[in-house]
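The structure presented is a predicted model; accordingly, all values stated were derived computationally and were not measured. Every chain is numbered from 1 and lettered A, B, ... according to where its sequence line falls, protein lines coming before strand lines.
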Amino acid sequence: MFALVDGNNFYVSCERVFNPLLEGHPVIVLSNNDGCVISRSQEAKQIGFKMAEPAFKRKELIEKHGVAVFSSNYTLYGDMSNRMMRTLEQFSPEVEVYSIDEAFLNLQGICTNLLDYGHNIRATILKNLGLPVGVGIAKTKTLAKIANKMAKKYSGVFVIDSERRLDWALRNTPIEDVWGIGRQYTKLLAKNGVKTAFDFSLLDSNWVKQHMSVVGLRTREELRGVSCMSIETVAKAKRNIATTRAFGKKLSNFTLISEAVSNYAVRCAEKLRKQNSIARFVTIFIHTDPFNPSEQYIYKSITVTMPEPSSSNTEIVKAALAGLEKIFIPNLRYKKAGVIVSDITTEQFVQGNLFESANREKIKQITAVTDKLNGIFGRDMVRLAAQGFSNDWKLKQEKLSPCYTTRWEELPKVKA
DNA sequence: TCTGGGGTCCTAGGACCC
DNA sequence: TCTGGGGTCCTAGGACCC
């Protein structure tokens, strides 16, 4: 049996933990740059806020209902997520962290009363962290996902443990709510008369394979109670790593854009080092505003191959800037840029270069020292000149809450 | 004025190998 | 009538997830 534990309105709930007055009020959290609505409290959903809707389009709604608005605070959410995952480890030796607010647990042979166990998980997370979660339990991951949806609708925990419950759950799950069925497949399936998970589970397997590949076939099997996906407890090393951001405002100045790109490149290099990887390719892209009909939309990208795979700040920044120079067109108003590193391998497999100098060793030492210094004194305390000090390209975050759990200066104060 | 930022997997087809 | 029979690697595109 698998359990899926999923935070309710996770980002909103994280904000509420440290700001209990928000309880019962409509709250929304915005994406980077305060762009779209990406987390909504129950009250906000009822008022009519939709997922991923641009916030500026709902200004009246925000004002009319006195909605509490927050910029994304990933430092806070990431830390709360870690605490949640650590807590879940008490309940199973096999925990798969599936996303920032979700985890699968293998419950095979762990308990006799699954419903009680689910409620115990829920109560523990609520007590220890102040976060409400839903717990869905079933024979396959896909069914656990469905059970989780049911849990959130009803009492917080839902177990699919009989044919009768399975049948009921499948008949009451619209096809577009099934894990692995997105917009395109929903359209295709609707054309073929499939409206619910139940309908899909009855489809001919050859038809499914032909139209939806083995991925769709797995989903069909999982809905019928045949487990095709196991728990993956160790996170696999990423095969692509990206840092891409819209600028706080539109930019034309090459120097400013190159500072932004340098910083994104450094973030990529850090992520590589964190998983002990190196990359050979550095892709960089820039584009203008895709939403403004009065301006021509221009998107440019290029992939630079580094002489040797690397995870060093200097080398990745160098490659990224070389790419930027090639694709940059003056006098355009750019809205967004990004750096992606790929062809990633583990550091130990690095192919030695015959002509390699002592340079590599030196770069490694410098990286170790700067990482250590920045670890102690804060990100970018020691930085490349190319990263600059400008704020012009930085994110808009006008409603940022404090990093309550990760910065001494921002710890909440309690009067007792 | 204002529209996010990450990722994965699968398939088909072409180039190339012996 | 019959035209060898395996392979691998790469890329683009399409689907999906949170």
Pick base, sugar-phosphate or nothing for [X], based on heavy-atom distances below 4.0 Å to the nucleic acid.
X	value
E53(A)	nothing
K336(A)	sugar-phosphate
D34(A)	nothing
K187(A)	nothing
R267(A)	nothing

Please determine whether a side-chain nitrogen or oxygen atom of [X] lies at a distance below 4.0 Å from atom OP1 or OP2 of [N].
X	N	answer
R58(A)	dC2(B)	no
N240(A)	dT8(B)	yes
K145(A)	dC18(C)	yes
K335(A)	dT3(B)	yes
T244(A)	dG6(B)	yes
K250(A)	dC2(B)	yes
K271(A)	dG6(B)	yes
R218(A)	dC9(B)	no

Quiz item: With a cut-off of under 6.0 Å to the ring centre and 45° to the axis, is K336(A) in cation-pi contact with F247(A)?
Solution: no
Quiz prompt | cation_pi(R383(A), F389(A)) dist<6.0 Å, angle<=45 | solution = yes
Quiz prompt | Residues K250(A), D289(A): salt bridge by 4.0 Å N-O rule | solution = yes
Quiz item: Charged N to carboxylate O below 4.0 Å: is that the case for R273(A) and D371(A)?
Solution: yes
Exercise. Find which nucleotide of DNA chain B each of I241(A) and Y11(A) is nearest to by heavy atoms, and output the residue with the more 5' nucleotide.
Key: Y11(A)
Exercise. Select from V215(A) and A55(A) the residue whose nearest nucleotide in DNA chain B is closer to the 5' end of that strand.
Key: A55(A)
Gap between atoms [atom1] and [atom2], on [X] and [N] respectively (whole Å):
X	N	atom1	atom2	value
Y264(A)	dG5(B)	OH	C1'	11 Å
D343(A)	dC10(C)	CG	C1'	12 Å
K238(A)	dG6(B)	NZ	P	11 Å

Self-check item: Option among E222(A), E96(A), E221(A) that satisfies the salt bridge (Lys or Arg N to Asp or Glu O under 4.0 Å) test with K141(A)
Solution: E96(A)
Quiz item: Distance from N313(A) atom CG to R267(A) atom CZ, nearest 0.5 Å?
Solution: 8.5 Å
Practice problem: Check the angle between the aromatic planes of F285(A) and Y299(A) and answer parallel, tilted or perpendicular using the 30° and 60° thresholds. | Solution: parallel
Quiz item: Given Watson-Crick or G-U pairs with both distances under 3.5 Å, what dot-bracket string fits DNA chain C, with | for other-strand pairs and [ ] for crossing?
Solution: ....||||||||||||||
Quiz item: Side chains of K271(A) and T243(A): donor-acceptor distance under 3.5 Å anywhere?
Solution: yes
